[in-house]
Amino acid sequence: MLDNLLAVIREEHLAEQLYHSLVGLEVEEQRIDQQGRLSRRPHPSKFGSRTFHPYFQTDFTESQLEVITDPNPNIGGTLDQLDTLQTVAYRTLEGDDRIWPLSMPPVMDETDLQFVADHFERPAVKPYREYLVKKYGLQHGCMTGVHVNYSLPDPVIHRLFSHYTDEFETIVAFKNALYFRIAQNFVRYQWLLTYLFGASPIAEAGFFETPPAELAGPVRSIRNSRFGFVNRPEEQVTYASLDRHLQQLQAKIDEGTYFSAHEFYGPVRLKGQANAQDFLTGGIQYLELRDFDNTPWTPNGVSRHALYFLKMFMIYLMTQPLPAGKALELLATGRQRNQLVALEDPRSATQFQASGQRVFREMRAMADQLQAHNEQWGAIDDLEEVLMHPELTPAAKLVTYIKDGSLMAFGQRVARQWYHDRITAARLLPQSPRLGTETQRLIMTALQLGIRFYQVRDEDGEDMFMFTFDGITQVLQERDTMGKAPEELLRRLFPDLQALPVEGPQKNNL
């Protein structure tokens with residue numbers, strides 16, 4: 001199935017389009033107070049209602065902010081938008097709130113946990129949240145991470161399909177096979193990403209009632225281990241085939257093992273359809289990759305190199321065959337390796353270093369055939385060096401900051417520095433240096449309120465600003481923003497903004 005895919009990609013000259021596959025980010029992060037504890041302040045009041053907000057949501061706790069970018073074909077564009085949204089988030093924080101830079105939550109005692117349990121301001125998803133608390137505990141939901149949404153360009157899928165019409169009757173069946181091969185190989189090689197990007201070496205006091213013996217010393221990634229943000233061992237869903245994956249997922253929902261599809265915490269989620277069986281007719285639209293810990297080494301929570309590497313890695317996964325007769329064995333081996341790697345001492349070489357070197361050799365050969373750009377080569381070079389030098393991994397670097405079995409002092413120091421750097425920046429939105437202060441303030445207010453914003457250029461190269469809300473789009477030029485009160489102007493452009501119901505269908509991320 002899908003034989004010679006790399007050769008077809010070369011024949012059709014599709015490499016450039018594949019480099020521009022769409023990537024969107026969902027960055028979860030906890031708000032903390034000056035003492036480094038989970039913030040007890042409500043969700044910032046300047047943010048628009050969470051019933052519709054496209055950029056700023058909350059998750060399991062009211063203190064857990066989720067920053068969401070639009071899909072973008074360019075890594076630079078994705079990170080520019082993320083940086084803008086993070087800047088808006090920092091400038092919207094209230095009181096002494098700061099952003100905790102790590103995936104594992106800060107120290108929590110009984111009073112913290114009781115506050116988390118008692119305060120939840122989204123009635124529409126409260127039953128689901130109470131179910132999760134009872135099943136997994138409060139601490140489980142307090143972990144954070146980065147989810148990467150990945151989709152292939154439709155023109156690429158259609159051109160590839162023309163070479164496989166004897167094998168697949170419909171474009172939907174072909175697209176599903178393509179995406180599911182990526183998903184299967186992601187599970188197969190998840191251990192490598194856990195090694196390269198794992199950044200949750202320890203848990204703070206209060207996370208475990210009784211710390212497991214396996215966590216007596218620092219590890220690469222608690223979050224990606226069996227002690228982290230995962231389903232119970234007996235409640236896993238197979239990736240052996242698309243049909244079996246969907247059947248098992250639906251069965252666990254029907255029998256009440258899962259509250260809904262949102263409770264499936266596998267390393268890859270299939271996205272784009274409301275119900276599991278709809279994927280067979282409507283097709284997979286994109287993949288949600290759930291392996292990534294927050295990195296404290298960039299204030300955006302995710303690194304540029306990680307995303308450049310991921311783009312090439314996804315092409316590699318797409319072109320790697322998974323022999324049908326060995327699928328179960330290879331997937332089981334991949335999951336076992338991920339558990340072993342997640343719990344390795346981050347200061348030591350991984351026991352699978354030789355396998356990692358093989359992957360990098362194959363990626364290099366592929367990149368050479370596809371005439372990869374300097375950015376892709378740079379990411380491959382740098383991360384291969386990380387493979388050979390474990391002291392360069394995020395987890396190993398974090399170990400050097402552990403003091404008395406804790407990263408609290410480090411986390412608070414980073415949180416203060418990030419806040420200072422954002423708040424004292426010369427411009428409101430550093431990624432928009434060409435724009436005047438009034439225009440930047442209008443954009444910031446729109447993003448706070450939940451109005452989608454896009455910046456484009458007209459045929460003369462002049463900046464145009466598109467604001468979209470509830471199906472209505474308004475286009476402004478910079479002169480239209482001069483001398484106007486931002487919120488007043490936006491509410492005049494979108495009269496229904498304030499009239500939307502407070503309660504209703506809500507984004508369910510739990």
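The basis for the numbers below is simple: all heavy atoms, side chains too, and nothing from hydrogens, waters or symmetry mates. All residue numbers in this chain count up from 1 along the given sequence.
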Exercise for review: Kindly write out the residues that satisfy ring-ring contact (aromatic ring centres under 6.0 Å, His included) with Phe168, not counting sequence neighbours, or none if the list is empty.
Suggested key: Phe174
Exercise for review: To the nearest 0.5 Å, tell me how far Leu370 CG sits from Met363 CE.
Suggested key: 10.5 Å
Review point. Within the side chain of Gln57, is there an N or O that forms a donor-acceptor pair under 3.5 Å with the backbone of Glu66?
Key: no
Point to revise | Side chain to side chain, Ile182 and Leu287, heavy atoms closer than 4.5 Å | key: yes
Check your understanding: Without hydrogens or angle criteria, can the side chains of Gln236 and Asn231 be said to hold a donor-acceptor pair below 3.5 Å?
Key -> no
Check your understanding: For Glu28, does its backbone N or O pair with a side-chain atom of Gln64 as donor and acceptor, under 3.5 Å?
Key -> no
Check your understanding: Taking only residues at least two apart or on different chains, which pairs with a member in residues 293-318 satisfy salt bridge (charged side-chain N to carboxylate O under 4.0 Å, His left out)?
Key -> Arg223-Asp293
For residues 393-405, please give each side-chain donor-acceptor pair under 3.5 Å, one per line with the distance, not counting sequence neighbours.
| from | atom 1 | to | atom 2 | distance (Å) |
| --- | --- | --- | --- | --- |
| Thr393 | OG1 | Pro390 | O | 2.7 |
| Thr393 | OG1 | Ala396 | N | 3.3 |
| Thr400 | OG1 | Lys397 | O | 2.6 |

Exercise for review: Over 60° means perpendicular and under 30° means parallel, so classify the ring planes of His140 and Phe229, tilted if in between.
Suggested key: parallel
Point to revise | Donor-acceptor side-chain pairing of Gln339 and Ser225 below 3.5 angstrom | key: no
Point to revise | Expected output: side-chain Asn300 to main-chain Val302 donor-acceptor under 3.5 Å | key: no
Check your understanding: How about Glu344 and Thr350: does a side-chain donor come under 3.5 Å of a side-chain acceptor?
Key -> yes
Exercise for review: Look only at the side chain of Tyr19 and the backbone of Gln376, and say whether a donor-acceptor pair between them is shorter than 3.5 Å.
Suggested key: no
**Study point:** Full working for side-chain hydrogen bond (donor to acceptor under 3.5 Å, both in side chains) between Ser221 and Ser200
**Key:** CA-CA 4 Å; Ser221 179; Ser200 48; 3.2 Å; yes
Review point. Does the ring centre of Trp297 sit less than 6.0 Å away from the ring centre of Phe410?
Key: yes
Review point. Please, which pairs that meet side-chain hydrogen bond (donor to acceptor under 3.5 Å, both in side chains) have at least one residue in residues 352-364, sequence neighbours excluded?
Key: Tyr316-Glu362, Arg337-Ser355, Arg358-Glu362, Arg364-Asp381, Arg364-Glu384
Practice item. Just do the ring pair (Phe, Tyr, Trp, His ring centres under 6.0 Å) check on Phe259 and Phe264 with the steps written out, would you? Key: CA-CA 9 Å; Phe259 189 96; Phe264 173 53; over 10 Å; no
Check your understanding: Do Tyr265 and Tyr136 make the cut of ring centroids closer than 6.0 angstrom?
Key -> yes
Point to revise | Minimum side-chain heavy-atom gap Pro106-Leu38 below 4.5 Å | key: yes
Review point. Between His305 and Glu375, does any side-chain donor sit less than 3.5 Å from a side-chain acceptor?
Key: no
Exercise for review: Please check if any side-chain donor atom of Arg335 sits under 3.5 Å from a side-chain acceptor atom of Asn338, or the reverse.
Suggested key: no
Practice item. Decide if atom CG of Asn374 counts as having more than 12 heavy atoms of other residues, nucleotides or ligands within a radius under 6.0 Å. Key: no
Exercise for review: Compare all side-chain heavy atoms of His147 with those of Leu289 and state whether any distance is below 4.5 angstrom.
Suggested key: no
**Study point:** Contacts of Asp70 that satisfy salt bridge (charged side-chain N to carboxylate O under 4.0 Å, His left out) - sequence neighbours left out
**Key:** Arg452
Practice item. Rounded to the nearest 0.5 Å, what's the gap from OG1 on Thr69 to CG on Leu82? Could you check? Key: 6.5 Å
Review point. For Thr295 and Ser303, does a side-chain donor sit closer than 3.5 Å to a side-chain acceptor?
Key: no
Review point. So, Phe352 versus Trp191, ring centres under 6.0 angstrom or not?
Key: yes
Check your understanding: Between Leu270 and Leu246, is any pair of side-chain heavy atoms under 4.5 Å apart?
Key -> yes
Point to revise | Which residues share a side chain to side chain donor-acceptor pair (under 3.5 Å) with His245, sequence neighbours left out | key: none
Check your understanding: Less than 4.0 Å between a side-chain N and a carboxylate O, is that true for Glu263 and Lys135?
Key -> yes
**Study point:** Identified side-chain contact (heavy atoms from CB on, under 4.5 Å) counterpart of Phe197 within the set Leu192, Leu383, Val386, Val146
**Key:** Leu383
**Study point:** Geometric class of the Phe56/His53 ring pair [parallel <30°, tilted 30-60°, perpendicular >60°]
**Key:** perpendicular
**Study point:** Verdict with supporting geometry, Gln285 and Lys271, side-chain contact (heavy atoms from CB on, under 4.5 Å)
**Key:** CA-CA 6 Å; Gln285 302 304 313; Lys271 303 292 284 187; over 6 Å; no
Exercise for review: Tell me yes or no: between the side chains of Arg220 and Thr194, is some donor less than 3.5 Å from an acceptor?
Suggested key: no
Point to revise | Straight-line distance of Thr170 OG1 to Lys175 NZ, nearest 0.5 Å | key: 10.0 Å
Check your understanding: For Gly301, does its backbone N or O pair with a side-chain atom of Asn294 as donor and acceptor, under 3.5 Å?
Key -> no
Check your understanding: Which value, rounded to the nearest 0.5 Å, describes the distance between Gln412 atom CD and Trp100 atom CH2?
Key -> 6.5 Å
Revision key, fill the gap. One should read off an interatomic distance between Glu11 CD and Arg159 CZ, to the nearest 0.5 angstrom, of 10.0 Å
Review point. Under 3.5 Å, is there a donor-acceptor pair linking the side chains of Thr144 and Gln30?
Key: no
Review point. Would you call the rings of Tyr189 and Phe313 parallel, tilted or perpendicular, where under 30° means parallel and over 60° means perpendicular?
Key: perpendicular
**Study point:** Donor on one side chain, acceptor on other, Arg422 and Gln86, under 3.5 Å
**Key:** no
Check your understanding: So, do Tyr308 and Met312 sit near enough that their side-chain heavy atoms are less than 4.5 Å apart?
Key -> no
Practice item. Decide yes or no for Gln273 and Ile284: does some side-chain heavy atom of the first lie under 4.5 Å from some side-chain heavy atom of the second? Key: no
Exercise for review: Verify the distance criterion only: is there a donor paired with an acceptor across the side chains of Tyr128 and Ser260 at less than 3.5 Å?
Suggested key: no
Review point. Mind checking whether Asp243 and Leu280 have side chains closer than 4.5 Å, heavy atoms only?
Key: yes
Point to revise | Validation row: Arg181, Leu2 side chains within 4.5 angstrom (heavy atoms) | key: yes
Review point. Distance from Arg269 atom CZ to Asn149 atom CG, nearest 0.5 Å?
Key: 10.0 Å
Check your understanding: Has the side chain of Arg129 got a donor or acceptor atom that lies under 3.5 Å from a matching backbone atom of Phe120?
Key -> no
